[in-house]
Amino acid sequence: DSKFGHLELRLEEKVEGESNDQLPAGKFGIGRDTLGNFLSGYKEPESNGYIVGELPEAMYKDVNIIPCVACSSLYNKIQEVNFWMTSKGAASAIHRDAFDAINCLLSGRKEWFFMDSHYNDEVYVVHRAKYELGGLSLVNPRAVDLEQFPKFAEVKYAFLTVNPGDCLYIPSGYYHQVKSPGGRNMAVSVLFSKMPRNVQLNTCTDGQERSKPLAGAGVYLPYPGTGVMRMGTLDLEFLRTLVNNFTLHHDDRLNEQVLQNVLADLQAPAEGYESSEETSAEEASMRLETADRVFRILNTEKKSWLSVAELDALPVSTWLEAVLNLEPVDISNTYDFEYSIVSATAIMDSVDEFFESKTDIGRSEWIKLYTQSAGGSEYIGLKVFNDINPEKRETLSEEEFREGMSDILQRFES
């Protein structure tokens with residue numbers, strides 16, 4: 001705790017997809033906690049928190065990469081590194097991930113159910129984007145409804161148990177569901193950027209170190225332990241391959257117009273999800289701005305067009321900057337996540353009911369109202385009250401409170 005307790009991590013609910021469970025709140029609101037605060041209460045029976053997020057870079061030196069990866073080119077092609085920790089059981093939904101991964105268990109036990117990637121229809125995956133390799137199944141694995149999802153009965157699965165010290169390779173797009181029964185459960189998952197199918201993993205030679213610390217690896221998106229997270233960012237190598245393919249199909253010349261075509265393809269819906277609506281003027285304008293911005297990043301020599309050879313010569317850092325400028329940061333990776341899931345309507349309905357019998361509201365009364373009636377956290381509740389009340393008074397009149405809330409409500413989900 002004294003060494004890493006200040007580091008911030010993402011929180012999710014222990015049993016993924018349980019609609020009756022409120023999302024867990026930590027020191028910095030819903031979905032974000034410090035490791036120290038999490039450890040102080042994660043074993044309590046009422047705890048619903050499950051750390052599922054990027055491993056802070058300060059902890060890299062305490063994690064070793066297994067030999068088959070440490071001695072291969074994959075050691076320098078790691079997209080992100082995730083950390084998983086819970087107690088008293090957790091369970092995921094049936095899903096598939098966009099990245100090849102190696103998941104290593106540090107403590108506890110994990111039970112894995114695997115279903116082949118060709119079972120798209122049978123697992124009823126929510127799949128709306130053309131290149132979306134990740135996705136969630138609509139089937140509840142804890143209470144399978146075969147009347148609603150009859151094809152699920154056709155799915156054949158493999159089951160295995162992973163114990164401490166075991167590492168498991170999970171191919172991208174492969175359906176799985178994971179349970180973490182029992183007490184403390186910790187794992188580290190290493191995600192790779194577009195793993196080549198012909199990659200040579202067993203390249204360790206006699207006398208060579210059999211494993212290497214994560215601290216020396218090439219991680220494209222290391223997480224410093226505070227601030228904006230980058231979990232789920234677009235695969236750098238996938239973007240490079242897609243841009244190269246479009247460039248080759250346009251006489252080996254990449255410019256802003258070709259990049260607009262790349263963006264349109266990235267945003268295209270999956271088969272069966274096509275929309276009859278045309279691209280709006282606002283969407284077209286945003287696509288143009290993004291294409292111009294990304295081309296300026298790639299075009300370090302300020303040329304009118306770029307060839308595939310020139311694109312291949314660009315360093316990883318340039319491609320990474322392009323990736324981070326291509327799409328907005330997922331709000332769940334920011335400190336504003338809670339504002340996106342707490343309803344402004346629910347807040348004001350509870351406020352209206354409160355003022356039916358009161359003429360003023362105290363700090364503790366508001367926090368209780370916000371957490372119990374609107375489903376928010378104490379952290380954001382206190383922040384809202386202080387934003388309304390910079391003088392730090394303990395009580396506000398109804399008029400003062402409503403006037404202050406009129407602007408702040410715009411932050412919340414409408």
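Heavy atoms only: backbone and side chains are in, while hydrogens, waters and symmetry mates are out.
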For the atom pair [atom1] ([X]) and [atom2] ([Y]), what is the distance rounded to the nearest 0.5 Å?
| X | Y | atom1 | atom2 | value |
| --- | --- | --- | --- | --- |
| Leu263 | Glu289 | CG | CD | 12.0 Å |
| Trp366 | Phe385 | CH2 | CZ | 9.5 Å |
| Leu369 | Phe355 | CG | CZ | 8.5 Å |
| Ser332 | Glu12 | OG | CD | 8.0 Å |
| Leu409 | Arg402 | CG | CZ | 10.0 Å |
| Thr34 | His6 | OG1 | NE2 | 10.0 Å |

For a quick test of reading the model, state the closest non-hydrogen atom pair linking [X] to [Y] and the distance between them.
| X | Y | result |
| --- | --- | --- |
| Ala93 | Leu136 | CB-CD2, 4.0 Å |
| Cys167 | Ile102 | CB-CG2, 4.0 Å |
| Ala187 | Asn103 | CB-OD1, 3.6 Å |
| Glu365 | Asp360 | OE1-O, 4.2 Å |

Got a sec: does the [atom1] of [X] have more than 12 other heavy atoms crowding it under 6.0 Å?
| X | atom1 | answer |
| --- | --- | --- |
| Gln267 | CD | yes |
| Glu353 | CD | no |
| Lys61 | NZ | yes |
| Asp352 | CG | yes |
| Lys156 | NZ | no |
| Arg184 | CZ | no |
| Tyr157 | OH | no |
| Glu399 | CD | no |

Validation row: [X], [Y] side chains within 4.5 angstrom (heavy atoms):
| X | Y | result |
| --- | --- | --- |
| Ile94 | Val125 | no |
| Phe401 | Asn389 | no |
| Val384 | Tyr370 | no |
| Lys27 | Tyr379 | no |
| Arg230 | Glu80 | no |
| Asn386 | Arg363 | yes |
| Met186 | Ser107 | yes |
| Leu214 | Ile78 | yes |

For Thr161, enumerate each residue passing the side chain to side chain contact (heavy atoms under 4.5 Å, CB included) test, keeping only those at least two apart in sequence or located in another chain.
->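 Scan of Thr161 (side chain to side chain contact (heavy atoms under 4.5 Å, CB included), adjacent residues dropped) gives Arg109, Glu111, Phe159, Asn163.
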
Sequence neighbours excluded, which residues qualify as side chain to side chain contact (heavy atoms under 4.5 Å, CB included) partners of Asp252?
->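 Listed in chain order: Thr247, Leu248, Ser307, Val308.
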
Would Ile65 and Leu74 satisfy side chain to side chain contact (heavy atoms under 4.5 Å, CB included), going step by step from the backbone distance to the final call?
-> CA-CA 10 Å; Ile65 298 295; Leu74 296 180; over 6 Å; no

Measure from the side-chain N and O atoms of [X] to the backbone N and O of [Y], and report whether any donor-acceptor pair falls under 3.5 Å.
| X | Y | result |
| --- | --- | --- |
| Arg287 | Asn261 | no |
| Asn255 | Gln257 | yes |
| Glu338 | Ile30 | yes |
| Asn299 | Phe295 | no |
| Tyr42 | Tyr50 | no |
| Lys14 | Ser87 | yes |
| Gln79 | Thr233 | yes |
| Ser350 | Ala374 | no |
| Glu44 | Gly41 | no |
| Asp145 | Glu147 | yes |

Under 3.5 Å, is there a donor-acceptor pair between the [X] and [Y] side chains?
| X | Y | answer |
| --- | --- | --- |
| Asn120 | Arg96 | yes |
| Glu122 | Tyr175 | no |
| Asp97 | Tyr174 | no |

Can you tell which of Val188, Leu221, Val63 makes a side-chain contact (heavy atoms from CB on, under 4.5 Å) with Val81?
->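 One option only clears the test, and that one is Val188.
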
For Phe4, the option from Leu9, Asp62, Leu39 that meets side-chain contact (heavy atoms from CB on, under 4.5 Å) |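 Answer to the side-chain contact (heavy atoms from CB on, under 4.5 Å) test with Phe4 among Leu9, Asp62, Leu39: Asp62.
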
Residues Lys77, Asp235; criterion salt bridge (Lys or Arg N to Asp or Glu O under 4.0 Å); working and verdict = CA-CA 11 Å; Lys77 292 186 66 174; Asp235 183 349; over 6 Å; no

Is it true that the NZ or CZ of Lys303 lies under 6.0 Å from the centre of Trp305's six-membered ring and within 45 degrees of the ring axis?
->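 Yes, cation above the ring, under 6.0 Å and within 45°.
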
Walk me through it: do Arg296 and Arg293 pass the test side chain to side chain contact (heavy atoms under 4.5 Å, CB included)?
-> CA-CA 5 Å; Arg296 280 188 276 111; Arg293 182 170 64 250; 4.0 Å; yes

Kindly determine whether Asp336 and Thr334 satisfy side chain to side chain donor-acceptor pair (under 3.5 Å), including the steps that lead there.
-> CA-CA 5 Å; Asp336 292 333; Thr334 74; 4.6 Å; no

Going through the distances and angles, do Asn37 and Ser40 end up as a side chain to side chain contact (heavy atoms under 4.5 Å, CB included)?
-> CA-CA 5 Å; Asn37 192 61; Ser40 68; 4.1 Å; yes

Sequence-distant partners of Glu237, side chain to side chain donor-acceptor pair (under 3.5 Å), two or more places apart =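 Glu237 satisfies side chain to side chain donor-acceptor pair (under 3.5 Å) with Tyr220, Arg240 once adjacent residues are dropped.
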
Take Leu298 and Leu254 through the side chain to side chain contact (heavy atoms under 4.5 Å, CB included) test and state the conclusion after the steps.
-> CA-CA 10 Å; Leu298 298 176; Leu254 176 75; 4.2 Å; yes

Is Arg411 salt-bridged to Asp387, going by a charged N under 4.0 Å from an acidic O?
->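 Looking at Asp387 together with Arg411, the answer is yes, because their closest N to O distance falls below 4.0 Å.
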
Name the orientation class of the two ring planes belonging to Phe114 and His176 (parallel below 30°, tilted from 30 to 60°, perpendicular beyond 60°).
->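 Ring orientation of Phe114 relative to His176: tilted.
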
When the ring planes of Phe28 and Tyr335 are compared, do they come out parallel, tilted or perpendicular, using 30° and 60° as the limits?
->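 Because their plane-to-plane angle is over 60°, the rings of Phe28 and Tyr335 count as perpendicular.
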
